[in-house]
Number of protein chains: 2
Amino acid sequence: MSKGRASIRDVARESGVSLTTVSLILNKGDERISDSTRQRVLSAIEKLQYRPSRLARGLPNNRSRTLAVLIPALQHAFADPYFGEIISGIYDYAADHDYRIMLEVARRDFIRRKQYDILIEECSVDGILFIGATEEHRFLAEFDGSDKPFIVVNNHFQQWKLRTVLCDYAVAGRLAADHLVELGHRRVGHISGPAAQVLTAEQVTAAFVDRLAEHGVELPDRLIVDGQFTVEMGELAMQELLTRDSELTAVFCGNDKMALGAYHACRRVGRTPGEDIAIVGCDNIPAAQMADPPLTTIHMNFYQLGTLACRTMIDLVDPVRCRRRAADEQSSDDGHNGHPESRCPRLPVSLIARGSCCEPAVGDRV
Amino acid sequence: MSKGRASIRDVARESGVSLTTVSLILNKGDERISDSTRQRVLSAIEKLQYRPSRLARGLPNNRSRTLAVLIPALQHAFADPYFGEIISGIYDYAADHDYRIMLEVARRDFIRRKQYDILIEECSVDGILFIGATEEHRFLAEFDGSDKPFIVVNNHFQQWKLRTVLCDYAVAGRLAADHLVELGHRRVGHISGPAAQVLTAEQVTAAFVDRLAEHGVELPDRLIVDGQFTVEMGELAMQELLTRDSELTAVFCGNDKMALGAYHACRRVGRTPGEDIAIVGCDNIPAAQMADPPLTTIHMNFYQLGTLACRTMIDLVDPVRCRRRAADEQSSDDGHNGHPESRCPRLPVSLIARGSCCEPAVGDRV
DNA sequence: GGGGTCTGGTAAAACAGTTTAGTAGTCCTG
DNA sequence: CAGGACTACTAAACTGTTTTACCAGACCCC
């Protein structure tokens, strides 16, 4: 009796019902159990401090109420605000729905040993959310069109049909173009992300160039340099841009890190961001507003992206078992569930004007 | 037969032994099973692509081969390089020993709902590693002297007996003092971490002050300001320090973020770090070497700290079940296991001299 | 009052492992 | 050659759930 934790049997005995009844009450909640019985069971649960074991719960149907978050094996990946924010969002939504988050890094042996299968089969993970996937992750092909619970967060792939959740990168590119043109810039450069590996990087660039063209501003290919999404490469890219056209008045960078690298390069040649040259970033990482001057950038709500990704996953793998809390948000759910393109939703973005943009110097205006 | 995954029974049938035998081979590895039988079973496992289910495995003894990493509910906590590096280390060691990592945030309801018990009882987590614990986390008292598998990473508490893994903060303080004194500084300030909440912050400060005193340099209390470990507060602290003594030639900051904040404050009053004033940080986060000038700082190997924390945990909860890989590192294990103070090991730290320190201007020398 | 449909439950079979207690068979010993 | 110890293996109980199939009683209808 007093040995170890209470099990479902103890609860059944305590409340004088069968163990099936207890299980029914725990799961469906509103099945064909009378109120009086339910109350009796519930108070027995309370009295015995009963906590159902997840291990045992998952066994019969091979579900663990656990989601795996997969990130690439980059150095400091965990320390990156980009990943950090998304994971935060995933975590919070998962926690609110009684799911747990398991961390997984796509190291070399991850692919070699088919770790993704192991994750699902051996660990009974209910779903996998992959952040930071790139074209290099060939194993994604295995999920092509499959109905395995796999979601790519914030990238998407034309060659494979994968479930995806994204920020609206095309709009980001357009906002940047609009902003710079409005300020009067017509001699504009661009530091792109690694477009060959990351489709969203390509989309930002394309949207930026196209929108500039709509405004009658041409951005030749030679004024687009790849900054690999890093501070260091962003610095080099800026240096290169200034060599190719020393009279640039504005630059749009595919992410904030590269923009901060660009700051350095500008300063080294005596040009001050926000005074001599306008710089727009993308992502709105914490460092952006701490920079000097604060960086004008496109705000991406990565936290919300994580939330959305997690919600999409849970809707996918657990459509029925929405208990207590699920009811709380039914009202807000409606808009989502009915959404036609819900297999690949896009999150809105917005421009945040800060100190790193200025109008072009008078002499430079066309 | 061909329905779904292979189970241990399928393997037993295929290799013509009992299911017990298969289990024995899977677990102990070197029990009293003959080589010929072992080979037969192993090849059956291979042939059937058998993967034991963790859920089922854990059920009988309530272990899941999963460790929970607990972090405080700070905004952007996941995005902090400090947490990031430690988690990386934990992850890698865990992955190499066939453990999985579960993320958990100590949100308000974490404490209210005794989530830590739920973690262990309901989720069958084998151990909990808490990063970023402070004096505010009162619930730690519940683990006081208990033998629950709970480890505090990189902080420690005098009032409770908790298992702890630490960087050597006393040495950090001493190294900073030595370095500044060697350069000739005698008029020194200090931006501390929140000493009341974080014992290691207190230790750094104490060690720094004591060592300065050994060198005959006095650091009065009014030249110690709390920077709360953040960039913003570090900036304010520096501003305050410069008000209190405008002729300071050097400042040691309790972490790199505050040091970077101090950069801003110095620049605003026209003092250039590395030229007019020497600044030493602590932690060696990635931003430290990217700063301008690169920050001289105390290197803390947080990755290795994570590794050590995880190893300590696994040694604690899984002393027996060291399979295959465990043998690989037996040689290096010896030093560790025999360690007398292994309940609270300290990781060595080192000073990395970069561009943010200079000798005091000639006029300032005493 | 025989037969159908609800209502509110229950018994028992999975699920996939671990672990305990044992048991044949062989070898050695006195 | 009986008895003990060792070797290599196995049967069966056990872990804590979910789920399927069934069942007794109440109620209603003709």
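Just so you know, these numbers come straight off a predicted model, no measurement behind them. Note on naming: letters A, B, ... go to the chains in the order of the sequence lines (proteins, then strands), and numbering restarts at 1 for each one.
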| said: Can you see if the side chain of B/S18 gets near the phosphate of D/dT10 - specifically, an N or O under 4.0 Å from OP1 or OP2? | reply: yes
| request: Take B/T20 and B/S23, measure what side chain to side chain donor-acceptor pair (under 3.5 Å) needs, and give me the verdict at the end. | output: CA-CA 5 Å; B/T20 307; B/S23 174; over 6 Å; no
| remark: With the side chain defined as heavy atoms from C-beta on, A/L19 is closest, among D/dA12, C/dG8, D/dT18, to D/dT18
| field | Atom-pair distance (CG on B/N27; C1' on C/dT20), nearest Å | value | 14 Å
| request: Would you kindly give the CZ-to-P distance between B/R63 and D/dG16, to the nearest whole Å? | output: 15 Å
| task | Could you check which of D/dG16, C/dT10, C/dG9 has an atom nearest any side-chain atom of A/R9? | result | D/dG16
| Atom CG of A/L26 and atom C1' of D/dT17: how far apart are they, to the nearest Å? | 10 Å
| How long is the line joining CD of A/E121 and C1' of C/dA16, in whole Å? | 14 Å
| said: Could you tell me how far apart A/L59 (CG) and C/dA13 (C1') are, to the nearest whole angstrom? | reply: 13 Å
| query | Quick one: is D/dT15 close enough that its OP1 or OP2 comes under 4.0 Å of any side-chain N or O from B/N62? | reply | no
| message | Rounding to an integer number of Å, can you tell me how far A/I33 CD1 sits from D/dT18 P? | response | 13 Å
| remark: From CD1 of B/I45 across to C1' of C/dA16 the rounded distance in Å is 14 Å
| message | Taking the ring of B/Y116 and the ring of B/F150, is the distance between their centroids below 6.0 Å? | response | no
| said: Just N and O in the side chain of A/T37: are any of them under 4.0 Å from OP1 or OP2 of C/dG9? | reply: yes
| task | Look at the side chain of B/S7 and decide which nucleotide, out of D/dT18, C/dG17, D/dA8, has an atom nearest to it. | result | C/dG17
| query | B/L24 has a side chain; which of C/dT19, D/dT17, C/dG9 sits nearest to it? | reply | C/dT19
| task | Using modelled atom types only, decide if a donor and an acceptor are shared between the side chain of B/T164 and the backbone of B/L162 within a distance under 3.5 Å. | result | yes
| query | Can you check whether B/S15's main-chain N or O pairs, donor with acceptor, with B/R40's side chain at less than 3.5 Å? | reply | yes
| note | Looking only at D/dT18, C/dT18, C/dA16, the nucleotide nearest the A/R57 side chain is D/dT18
| said: Counting only side-chain heavy atoms from C-beta out, which of C/dG17, C/dT18, D/dT19 sits nearest to B/S23? | reply: C/dT18
| task | Taking only the side-chain nitrogens and oxygens of B/N61, find out if one of them lies under 4.0 Å from OP1 or OP2 of C/dT19. | result | yes
| query | Hey, does A/E104 have a side-chain heavy atom less than 4.5 Å from the side chain of A/V125? | reply | no
| field | Reference residue A/D318; test salt bridge (Lys or Arg N to Asp or Glu O under 4.0 Å); the match among A/R63, A/R311, A/R65 | value | A/R65
| Nearest listed nucleotide, side chain of A/T21, among D/dT18, C/dG17, C/dG9 | C/dG9
| request: Please work out if A/R54 contacts a base, only the sugar-phosphate, or nothing of the nucleic acid, heavy-atom cut-off 4.0 Å. | output: nothing
| Euclidean distance, atom CD1 of residue B/I8 to atom C1' of C/dC15 [Å, nearest integer] | 13 Å
| query | Less than 3.5 Å between a donor and an acceptor, one on the side chain of A/T20 and one on the base of C/dA12, is that the case here? | reply | yes
